[in-house]
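To keep things clear, I will list the structure first and then write my remarks on it.
Lettering of chains follows the sequences in order, A, B, ..., and the numbering in each one begins at 1.
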Number of protein chains: 2
Amino acid sequence: MGPAALRTAPSWLINQVATHAGRLVHDGFAAHGARGYHYRLLAALHEHGPASQADLGRRCGIDRSDVVAALNELAARDLVRRTPDPDDRRRNVVTLTEPGRRELDRLTTTLDQIQDTLLAPLTPADRTELTRLLTALLDHHRQ
Amino acid sequence: MGPAALRTAPSWLINQVATHAGRLVHDGFAAHGARGYHYRLLAALHEHGPASQADLGRRCGIDRSDVVAALNELAARDLVRRTPDPDDRRRNVVTLTEPGRRELDRLTTTLDQIQDTLLAPLTPADRTELTRLLTALLDHHRQ
DNA sequence: CAGAAATCGTTGGCGCAACCCACGATCCCT
DNA sequence: AGGGATCGTGGGTTGCGCCAACGATTTCTG
């Protein structure tokens, strides 16, 4: 699959692997009625505590407008609570609920299993090496 | 950017790097009025010669219906020619035109430069290693 | 302190990639 | 002669990443 001129291009390889990984994550999350944005938001809330929507967006690298939609869906399932911020009436304070924390745990478990599936063909040393290389790329291309 | 729980997950790292790479490719191709599908189709035509649309789709891993749209755009710019197949009237024979070959050359040059930009922080040995690891993942996840 | 500038939540939109389904036309195999 | 597969095409959907604009509010600043 894919022209030979591309099969050796790292940008192509990365894209293909990312597509496969994305399918795994998508399917795994879909079984819980969730998607990537939901997990990111729940995880960010769990790690740094309640935050405004704009802050959440910055933490997760999600656009403010997309945060709105994802939070609507999370709030509809009571995984998250939106409260007006008394100190700044422009803001909402978003809080992780107890069901939200449990759902996050389930999604995290799913995600861990996916890592194993994804990295199945690699030795532990190779996995470390891959992480190192990807991290180096990411750090460099992040200013 | 991104919850800490994700920052070490390979699926996340791969996705982030793929997003950066995708932006580079997108911008580079956009300067030529092209996108990923266009390049893939042109490259496949150049490598294996004329083909039916369905064959092209299989070569490139692009859905038949998406091949139609992309070929419409390529044909409108005379980069590709669609001819009814005399041996099978269901099929079109898609051919790379001379302008198409030249455009492919330009896109290939652009893509090569992008690889350098993308892999800038890695030593030659690291680049080889990254390619090896990604290829291993890709091979494994194709049954 | 008043007015300008920035921020926040929200709505609505765009593009790309990857899919799916259904149709009529055509071909292939029994 | 039929049934089943294949082909091109048109119509959708989803996820993710963006951008523009708006009214409400807060902060900065002159």
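Atom pair A:Arg90:CZ and C:dT10:P shows a separation of 14 Å (rounding to whole Å applied). As rounded to whole Å, 12 Å separates atom P of C:dC29 from atom CG of B:Asp88. Put simply, CG on A:Asp85 is 17 Å from C1' on C:dT10, counting in whole angstrom units. If you take CD of A:Gln16 and C1' of C:dA17, they are 11 Å apart, rounded to a whole angstrom. The CG-P distance, from B:Leu41 to C:dA18, rounds to 12 Å in whole Å. Protein atom CD of B:Glu73 is 11 Å distant from nucleotide atom C1' of C:dC16, rounded to whole Å. Taking atom CG of residue A:Asn15 and atom C1' of nucleotide C:dC16, one finds them 11 Å apart after rounding to whole Å. Distance CG (B:Leu56) to C1' (D:dT6): 16 Å, rounded to an integer number of Å.
The residue B:Asp63 sits close to a base: some heavy atom pair falls under 4.0 Å. When heavy atoms are screened at a 4.0 angstrom cut-off, A:Arg91 is found touching the sugar-phosphate backbone but no base atom. Residue contacts shown for A:Gly61 are absent, as no nucleic acid heavy atom lies under 4.0 Å away.
Contact annotation: the side chain of B:Leu137 never approaches that of A:Gln16 to less than 4.5 Å [non-hydrogen atoms, C-beta and beyond].
Under 4.0 angstrom from either OP1 or OP2 of D:dA21 there lies no side-chain N or O belonging to A:Arg64. Phosphate contact (OP1/OP2 of D:dC16, side-chain N/O of A:Arg35, threshold under 4.0 Å): present. At the phosphate of C:dA17, neither OP1 nor OP2 sits under 4.0 Å from any side-chain N or O atom of A:Thr19. Regarding contacts with the backbone of D:dT9, a side-chain N or O of B:Arg82 is found under 4.0 angstrom from either OP1 or OP2. Listed pair B:Asn92 / D:dT9 meets the phosphate criterion, a side-chain N or O lying under 4.0 Å from OP1 or OP2.
Between B:Arg58 and B:Asn72, the residue anchored closer to the 5' end of DNA chain D is B:Arg58, taking for each the nucleotide with the nearest heavy atom. In terms of position on DNA chain D, the residue among A:His38 and A:Pro86 whose nearest nucleotide sits closer to the 5' end is A:His38.
The side chain of A:Arg89 lies closest to D:dT26, out of C:dG9, D:dT9, D:dT26. Taking the side chain of B:Tyr37 as heavy atoms from C-beta on, and the options D:dT9, C:dA18, C:dT11, the nearest nucleotide is C:dA18. Among the nucleotides C:dT11, C:dC8, C:dC27, the one closest to the side chain of A:Ser65 is C:dT11. With C:dG9, C:dA18, D:dG8 as the choices, the nucleotide that has an atom nearest any side-chain atom of A:Gln53 turns out to be C:dG9. Of the candidates D:dG8, D:dC16, C:dT10, D:dG8 carries the atom nearest the B:Val68 side chain, counting heavy atoms from C-beta on.
Sequence neighbours left out, the pairs with a member in residues 32-82 of chain B that pass ring pair (Phe, Tyr, Trp, His ring centres under 6.0 Å) are B:Phe29-B:Tyr39.
Salt-bridge check for B:Arg77 with B:Glu73: failed, with every basic side-chain N at 4.0 Å or more from each acidic carboxylate O. A salt bridge links A:Arg127 with A:Asp116; the closest basic N to acidic carboxylate O contact falls under 4.0 Å. Between B:Asp85 and B:Arg89 there is no salt bridge, since no side-chain N of the basic residue sits under 4.0 Å from a carboxylate O of the acidic one.
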Which donor-acceptor pairs under 3.5 Å do side chains of residues 56-64 of chain B form with protein atoms, sequence neighbours excluded?
unit_1	atom_1	unit_2	atom_2	d
B:Arg58	NH2	B:Asp55	OD1	2.6
B:Arg59	NH1	B:Ala44	O	3.3
B:Arg59	NH1	B:Gly49	O	3.1
B:Asp63	OD1	B:Ser65	N	3.0
B:Asp63	OD1	B:Ser65	OG	2.6

